[in-house]
Protein chains: 4
Amino acid sequence: MVAAAIDVIAETGYHQASFAKIAERAGLSSTGMISYHFDGRDDLMREVVAEVMRVAEAYVRPRIEAHESAPARLRASIESNLDLLAEYPNHLPAIVEVLTNLRGGDPGMDSFLDKTEADLALQVERIREAQRAGEFCDFDPWVMVRAIRAAVDDVVRRATLEPDFDARRAGRELADLFDRATRNRNTT
Amino acid sequence: MVAAAIDVIAETGYHQASFAKIAERAGLSSTGMISYHFDGRDDLMREVVAEVMRVAEAYVRPRIEAHESAPARLRASIESNLDLLAEYPNHLPAIVEVLTNLRGGDPGMDSFLDKTEADLALQVERIREAQRAGEFCDFDPWVMVRAIRAAVDDVVRRATLEPDFDARRAGRELADLFDRATRNRNTT
Amino acid sequence: MVAAAIDVIAETGYHQASFAKIAERAGLSSTGMISYHFDGRDDLMREVVAEVMRVAEAYVRPRIEAHESAPARLRASIESNLDLLAEYPNHLPAIVEVLTNLRGGDPGMDSFLDKTEADLALQVERIREAQRAGEFCDFDPWVMVRAIRAAVDDVVRRATLEPDFDARRAGRELADLFDRATRNRNTT
Amino acid sequence: MVAAAIDVIAETGYHQASFAKIAERAGLSSTGMISYHFDGRDDLMREVVAEVMRVAEAYVRPRIEAHESAPARLRASIESNLDLLAEYPNHLPAIVEVLTNLRGGDPGMDSFLDKTEADLALQVERIREAQRAGEFCDFDPWVMVRAIRAAVDDVVRRATLEPDFDARRAGRELADLFDRATRNRNTT
DNA sequence: CATGAATGAGCGTTCATTCAT
DNA sequence: AATGAATGAACGCTCATTCAT
């Protein structure tokens with residue numbers, strides 16, 4: 001059922017992903033079951049986000065940790081996300097849809113915004129260390145981290161809208177782009 | 001009425017911007033008038049997008065054309081967008097909301113996606129020229145152009161969600177970021 | 001629409017009185033209109049209670065005030081309620097249904113419980129005066145007042161369930177009953 | 001399970017007493033068992049009523065029969081009901097809830113209305129005998145019997161809504177009240 | 001006995017839309 | 001231009017019920 005939700009969200013968007021569509025996709029004959037299993041729409045979305053985060057972390061983390069240097073890790077981070085997209089075409093689009101349509105005020109969903117924020121904070125910290133170590137040049141790590149996320153998410157979105165779009169190629173290009181943007185000038 | 005729509009979309013999001021809320025904001029007592037003036041929700045959204053594009057172009061274009069070199073124009077493009085955001089706090093958030101929630105299949109809205117696409121294509125062309133002139137290093141201009149747009153839009157979104165967020169500062173940082181990304185050569 | 005609600009409540013009971021049934025009775029083709037005009041089910045019920053109270057007070061009060069002595073007023077109170085029932089067969093049944101199915105915790109409905117309570121408190125005060133004046137014997141006025149109300153409401157309920165039931169006759173009997181109960185002294 | 005139903009009905013009301021709540025109260029993890037054991041909601045309610053009637057009769061009858069005179073029996077009837085309420089706080093509230101929310105047309109439930117009716121008819125007969133014997137004055141015994149029932153039920157309802165309400169005191173007051181209402185005038 | 005998934009009907013609500021005024 | 005009543009569809013949700021396990 002969470003899987004069905006992921007598919008429907010990815011294909012039709014957050015707000016169009018009604019219980020009716022999800023139920024149909026899941027092979028259910030009515031929406032009642034969804035309300036039975038989940039404590040409302042938000043709860044289902046929570047599960048969707050949690051599931052995707054679980055899968056994404058399991059996929060991405062080892063690919064990042066396979067590298068030592070900060071630039072290599074940055075590249076791995078970007079590219080592995082888009083590799084994941086190739087493998088699970090609906091997971092990242094779904095979570096992007098959900099998180100992008102979240103507004104403050106949904107209590108309970110805030111926890112995911114917080115989690116996402118904590119995630120970014122961790123990357124920010126790593127970047128700061130790399131900057132101190134001279135691996136990265138000087139820039140605001142928060143802005144950088146959000147720009148990377150935004151660019152990757154945009155590729156994800158694009159991939160769902162244009163089936164022929166080569167997300168992995170774009171991933172490599174993005175990795176190059178942000179490599180230059182973070183690279184220490186001396187190395188030019 | 002379009003102004004009311006812009007405000008409501010920016011404040012509550014694309015899907016929450018019901019005719020009822022827009023009518024209330026516009027000082028109307030019923031939604032009937034909106035249906036009367038616009039040929040459905042999509043038509044209203046079209047007007048919203050058109051209006052914002054008009055304002056944005058009038059604001060941004062001269063600020064870009066005030067500069068000669070490609071890097072300076074790029075910087076002006078990014079920073080003037082976020083200056084515009086400071087001046088009209090709801091225009092860009094509204095259009096970002098609308099365009100990111102657009103799915104293919106809305107006939108009539110596709111024209112705006114096309115327009116946006118044409119816009120990007122123009123920038124791509126300019127970048128290609130600059131690359132030929134040696135002002136920019138070698139990279140895929142489409143990926144670059146979309147990454148920039150995604151990063152700027154992310155700042156726009158962020159500014160609506162966090163009132164204390166300093167969008168112009170982030171704009172300057174983004175300009176620096178993409179300046180490096182368009183000038184440096186990859187060293188790997 | 002309130003009138004339709006009164007009819008449906010009286011005929012089918014509080015909880016069976018769904019918007020669908022009320023809409024049908026009101027000649028509406030969907031329940032949407034009711035939600036449009038009233039701010040939820042509770043709001044409609046509030047209007048129902050308010051309307052019935054308005055009608056009932058206009059009917060009953062002058063008939064009570066036409067008499068001077070406390071016993072005569074008590075009789076008038078009981079009998080005029082059941083005369084009202086004969087004239088508007090659904091009003092009292094509806095309000096009895098609503099108030100009897102009210103539970104504490106419905107905020108906004110509490111105001112009606114308070115109003116009903118205030119009503120009884122007024123009657124209690126009048127009884128106390130009559131007792132001091134020697135018109136009534138000694139008894140707990142609160143218990144008396146609630147017993148009267150309960151007995152009258154029971155007749156009201158009965159009248160809706162059994163079309164042949166002679167409510168006015170029962171009213172006269174009740175008046176006799178409570179006349180004795182308020183005049184006699186206990187001999188035990 | 002019937003016990004759980006009694007509790008839930010008494011605490012939340014007839015219509016709010018869903019199988020889900022009852023199952024939870026009974027320590028069951030699903031409503032399936034209830035549907036399995038009882039032939040529908042009405043059947044469960046029947047059992048509830050039957051159980052309460054059984055308990056109530058066992059409690060009340062000996063307390064009535066301990067007295068000889070009709071007035072003493074009447075008093076015992078009223079007071080023992082409210083004594084029972086003190087001992088089993090949920091039984092009478094539950095049956096009151098069920099019976100007052102019963103509408104004609106529920107076949108099978110009618111039998112309980114009939115049983116209740118027969119109960120009252122029995123009391124009516126006893127009253128007639130007492131009237132013939134000069135123990136009670138002249139009044140319509142049906143009206144009297146229903147008024148007593150209504151007043152007692154009202155106290156029962158009140159006791160569940162207001163925890164601090166002293167039902168037994170009210171019972172004594174009611175007994176006095178109906179004693180005066182039934183007393184032969186000559187004895188004044 | 002008990003569970004838990006599944007069903008189908010009904011509920012109140014919101015929405016865009018229409019139309020007479 | 002504007003109002004306000006009305007419509008019909010969709011939505012999320014609860015409920016009693018069924019059934020395989």
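In the text below, chain A, chain B and the rest are named by the order of the sequence lines, each starting its count at 1.
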Check your understanding: Quick one: on DNA chain E, does B:S30 or A:S30 contact a more 5' nucleotide (nearest heavy atom)?
Key ->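 First, find each residue's nearest nucleotide; the 5'-ward one identifies A:S30.
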Review point. Mapping B:G40 and A:Y36 to their closest nucleotides on DNA chain E, which lands nearer the 5' end?
Key: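 On the 5' side of the pair lies A:Y36.
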Review point. Less than 3.5 Å between a donor and an acceptor, one on the side chain of A:T31 and one on the base of F:dC13, is that the case here?
Key: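 Such a pair is found, so the answer is yes.
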Review point. Between D:A17 and B:G27, which is nearer to the 5' end of DNA chain F once each is assigned its nearest nucleotide?
Key: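 Final value for this comparison: B:G27.
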**Study point:** Most 5' of D:G32 and D:K21 on DNA chain F, judged by nearest nucleotide
**Key:**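 The residue closer to the strand's 5' end, by nearest nucleotide, is D:K21.
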Point to revise | C:E24 CD: over 12 foreign heavy atoms closer than 6.0 Å | key: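 Counting neighbours around CD of C:E24, 12 or fewer heavy atoms of other residues, nucleotides or ligands fall under 6.0 Å, so no.
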Point to revise | CG (B:D39) with more than 12 external heavy atoms under 6.0 Å | key: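 At most 12 heavy atoms, drawn from other residues, nucleotides or ligands, come within 6.0 Å of this atom.
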May I have the distance from [X] (atom [atom1]) to [N] (atom [atom2]), rounded to whole angstrom?
X	N	atom1	atom2	result
D:L44	F:dA16	CG	C1'	12 Å
B:M33	F:dT3	CE	C1'	10 Å
B:F38	E:dT18	CZ	P	15 Å
D:I22	F:dC15	CD1	P	11 Å
B:E24	E:dC15	CD	P	11 Å
C:D43	E:dT13	CG	C1'	14 Å
A:F19	F:dA9	CZ	P	23 Å
C:I34	E:dC15	CD1	P	18 Å

Review point. Which one, F:dC15, F:dC11, E:dG12, comes nearest to the side chain of D:S18?
Key: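 Between F:dC15, F:dC11, E:dG12, the one nearest the side chain of D:S18 would be F:dC15.
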**Study point:** side-chain contact (heavy atoms from CB on, under 4.5 Å) evaluation trace for B:L113 with B:L102
**Key:** CA-CA 8 Å; B:L113 289 178; B:L102 234 46; 4.0 Å; yes
Practice item. Could you check which nucleotide pairs with F:dG8 in any of the strands shown, counting Watson-Crick or G-U wobble with both distances under 3.5 Å? Key: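 By the stated definition (distances under 3.5 Å), E:dC15 pairs with F:dG8.
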**Study point:** Any-strand Watson-Crick or G-U partner of E:dT21, both distances under 3.5 Å
**Key:**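 Partner of E:dT21: F:dA2.
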**Study point:** F:dG12 phosphate, OP1 or OP2, under 4.0 Å from A:S35 side-chain N/O
**Key:**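 For F:dG12, neither OP1 nor OP2 has a side-chain N or O of A:S35 closer than 4.0 Å.
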Review point. A:H37 side chain N/O closer than 4.0 Å to the phosphate oxygens (OP1, OP2) of E:dA5?
Key: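 True: A:H37 side-chain N/O within range (under 4.0 Å) of E:dA5 OP1/OP2.
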Practice item. Considering only NZ, NE, NH1 and NH2 on the basic side and carboxylate oxygens on the acidic side, decide whether D:E11 and D:R25 come within less than 4.0 Å. Key: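 Salt bridge: yes.
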Exercise for review: Determine the contact category for C:S29: base if any of its heavy atoms lies under 4.0 Å from a base atom, sugar-phosphate if only primed atoms, P, OP1 or OP2 are that close, otherwise nothing.
Suggested key: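 Here C:S29 touches the backbone only, sparing every base.
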Review point. Which is true for A:L28 with a 4.0 Å heavy-atom rule: it touches a base, it touches only sugar-phosphate, or it touches nothing?
Key: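 Sugar-phosphate contact only - A:L28 comes under 4.0 Å of backbone atoms but never of a base.
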Exercise for review: Assess B:R41 against B:Y14: is NZ or CZ under 6.0 Å from the centre of the six-membered ring, and within 45 degrees of the ring's axis?
Suggested key: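 The answer is yes; both the distance and angle limits are met.
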